[in-house]
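The structure appears right after this line, and notes come after that.
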Amino acid sequence: MSTTLRDERDYFERIYTVTCQVPHGKVATYGDIATIVGDGCDARIVGHALGALGSRADTVPWQRVINRTGGISTSGHGQREALEAEGVTFDEREQVRMDTHHWTGPSEDWARAHGFQPLPPRAGKPADAQMRLF
DNA sequence: GAATTGACCTGAT
DNA sequence: AATCAGGCCAATT
């Protein structure tokens, strides 16, 4: 087999599928998409996959995928403008309010139906995350 | 065919 | 808490 195989491209399909599941007005990080895709997928692969969208960029909401810091990693594609059009709000630091627009992940049933993995719980509320176990 | 960069993330200092 | 460095897989030159 050569360097380029069809299996590697299989990541792209999954990444596109998961990205299409991001609801309108919400955003997800590359790491989240990679985690949902699983199977050794990494955030960088997601970035390259979205970059390889090509003409499919019109059918896949790639603009809803941002980096971990909540900033726009792209440039010249008007991602920020597109997100603003979606209703996403930004702060003074040019970053998306993750606490408001962060996507919680796909439904567990949907993930299982498609062979994906649900997004693990993310600890982002230090004030409330004290002791809600009991 | 090898080396470098990349629409990144996590961990350590 | 912020900053530095390493790592991961794939595409490109």
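In what follows, chains carry the letters A, B, and so on, assigned in the order in which the sequence lines appear, proteins first and then strands, with residues in each chain numbered from 1.
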Starting at atom [atom1] of [X], determine the distance to atom [atom2] of [N], rounded to an integer number of angstrom.
X: A/Ile33; N: C/dC9; atom1: CD1; atom2: P; answer: 19 Å
X: A/Asp42; N: C/dC8; atom1: CG; atom2: P; answer: 9 Å
X: A/Ile15; N: C/dC9; atom1: CD1; atom2: P; answer: 13 Å
X: A/Ile45; N: C/dT12; atom1: CD1; atom2: C1'; answer: 16 Å

* **Rounded P spacing from C/dT3 to B/dA7 in Å** =>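 The same atom, P, in both gives a distance of 23 Å.
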
Could you list all N or O pairs between the protein and nucleotides 7-11 of chain B that sit under 3.5 Å apart?
unit_1	atom_1	unit_2	atom_2	d
B/dA7	N6	A/Leu50	O	2.7
B/dA7	N3	A/Tyr30	OH	3.2
B/dC8	OP1	A/Ser73	OG	3.0
B/dC8	N3	A/Arg44	NE	3.4
B/dC8	N3	A/Arg44	NH2	3.0
B/dC8	N4	A/Arg44	NH2	2.1
B/dC9	OP1	A/Arg68	N	2.7
B/dC9	OP2	A/Arg68	N	2.9

* Asked: If two hydrophobic side chains count as joined below 4.5 Å and joins carry through other members, does A/Leu119 share a cluster with A/Phe116?
  ->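 Linked within one cluster.
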
* Verify the distance criterion only: is there a donor paired with an acceptor across the side chains of A/Thr35 and A/Asp32 at less than 3.5 Å? =>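 Note: A/Thr35 and A/Asp32 side chains miss the donor-acceptor criterion.
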
* To do: Just jot down the side chain to side chain donor-acceptor pair (under 3.5 Å) partners of A/Glu94, sequence neighbours excluded, or say none.
  =>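 Scan of A/Glu94 (side chain to side chain donor-acceptor pair (under 3.5 Å), adjacent residues dropped) gives A/Arg80.
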
* **Set of side chain to side chain donor-acceptor pair (under 3.5 Å) partners for A/His101, sequence neighbours left out** => A/Thr89

* Rounded to the nearest 0.5 Å, what separation is found between the CD1 atom of A/Ile45 and the NE2 atom of A/His48? ->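 Interatomic distance, A/Ile45 CD1 to A/His48 NE2, rounded to 0.5 Å: 9.0 Å.
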
* For the ring pair A/Tyr16 and A/Trp62, is the centre-to-centre distance below 6.0 Å? ->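 No; A/Trp62 has its ring centre 6.0 Å or more from that of A/Tyr16.
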
